[in-house]
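For reference, positions follow the sequence shown, starting with 1. Just the heavy atoms: all of them, side chains too, but no hydrogens, waters or symmetry mates, feed the values below.
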Amino acid sequence: MSCDELEALRLGMMNALGIGDESTREHAEKELEESMEGPIEALAHAQTLPEIERHLDAALVDLEEEVASMDSDDPAYDYTRGRLVAVRDAERAVHRLTTQGESILEGFGEAHHHLHEAFPVDE
């Protein structure tokens, strides 16, 4: 069993943030070899936080459907439900990161505005 959604999310976040080493990337890609399609593939190749949020949401829908279709006696049921909880938590973390980034950008804009108020420029 694998946590495809979380590995794909790691790859997408590495892309969007421009961080991570090649060995980490190679390891994640190897784990995802057989799952690289649909939302998992799109998430792994995402380049921006909005793309990550969109593809992670699609992956969550698929995972929710998987859990809903499972028999509660299935040995993998609890693990799959645990994956669902972990991916929902990751979705909230990505949303917080996006919100914080937007707030930082707004702060830069305000600082720029205040700087021009304090030191007007004649044009």
Side-chain angles (χ1 to χ4, degrees):
M1 293 184 218
S2 69
C3 301
D4 294 341
E5 300 82 8
L6 295 176
E7 274 307 293
L9 176 59
R10 286 180 68 204
L11 286 172
M13 290 297 294
M14 288 169 58
N15 295 337
L17 298 174
I19 58 174
D21 61 62
E22 198 55 37
S23 65
T24 301
R25 180 174 299 284
E26 289 172 5
H27 175 77
E29 288 171 348
K30 184 177 180 188
E31 280 201 25
L32 290 171
E33 273 178 343
E34 296 177 21
S35 303
M36 286 297 257
E37 60 184 26
I40 297 297
E41 181 178 21
L43 182 57
H45 292 113
Q47 298 293 315
T48 66
L49 290 175
E51 281 182 74
I52 288 170
E53 286 186 298
R54 185 173 60 252
H55 298 310
L56 186 55
D57 185 56
L60 257 170
V61 168
D62 288 353
L63 185 54
E64 288 167 347
E65 289 175 0
E66 182 180 346
V67 170
S69 70
M70 293 178 82
D71 185 348
S72 62
D73 293 337
D74 186 325
Y77 181 73
D78 288 337
Y79 172 78
T80 307
R81 284 185 58 212
R83 266 178 48 211
L84 180 59
V85 170
V87 174
R88 283 181 179 159
D89 186 52
E91 180 185 44
R92 286 188 297 274
V94 171
H95 182 70
R96 284 191 308 270
L97 182 59
T98 300
T99 300
Q100 289 170 345
E102 291 168 351
S103 176
I104 289 168
L105 287 175
E106 186 178 313
F108 291 159
E110 289 175 11
H112 181 220
H113 176 75
H114 293 308
L115 186 60
H116 281 286
E117 279 183 350
F119 302 99
V121 177
D122 293 330
E123 292 183 28

For the side chain of [X] and the backbone of [Y], is there at least one donor-acceptor N/O pair under 3.5 Å apart?
| X | Y | value |
| --- | --- | --- |
| Gln47 | His45 | yes |
| Ser103 | Thr99 | no |
| Asp21 | Thr24 | yes |

If you group Ile, Leu, Val, Met, Phe, Trp and Tyr by side-chain heavy-atom gaps below 4.5 Å, do [X] and [Y] land in one group?
| X | Y | result |
| --- | --- | --- |
| Leu56 | Leu84 | yes |
| Leu32 | Ile52 | no |
| Leu60 | Leu9 | yes |
| Val67 | Val61 | no |
| Leu97 | Ile19 | yes |

[atom1]/[X] to [atom2]/[Y] distance, rounded to the nearest 0.5 angstrom?
| X | Y | atom1 | atom2 | value |
| --- | --- | --- | --- | --- |
| Met36 | Leu43 | CE | CG | 9.5 Å |
| Asp62 | Ile40 | CG | CD1 | 7.5 Å |
| Thr80 | Glu66 | OG1 | CD | 5.0 Å |
| Glu31 | Glu26 | CD | CD | 13.5 Å |

For this session: Taking atom CD of Glu117 as the centre, report whether more than 12 heavy atoms of other residues, nucleotides or ligands fall under 6.0 Å from it.
Result: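 Above 12, so yes.
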Minimum heavy-atom distance [X]-[Y], with the two atoms named:
| X | Y | answer |
| --- | --- | --- |
| Glu5 | Ala59 | CG-CB, 4.1 Å |
| Leu11 | Ala44 | CB-O, 3.6 Å |
| Leu6 | Ala86 | CD1-CB, 4.1 Å |
| Tyr79 | Cys3 | OH-SG, 3.0 Å |
| Ala28 | Glu7 | CB-OE1, 2.9 Å |

Contact check, side chains of [X] and [Y], non-hydrogen atoms, under 4.5 Å:
| X | Y | value |
| --- | --- | --- |
| Met13 | Leu49 | yes |
| His112 | Phe108 | no |
| Lys30 | His27 | no |
| Arg81 | Met70 | no |

Exercise. Is there any salt bridge (charged side-chain N to carboxylate O under 4.0 Å, His left out) pair reaching into residues 92-113, and which pairs are they, with sequence neighbours excluded?
Worked result: Asp89-Arg92
Exercise. Charged N to carboxylate O below 4.0 Å: is that the case for Glu91 and Arg88?
Worked result: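 No salt bridge links Glu91 with Arg88.
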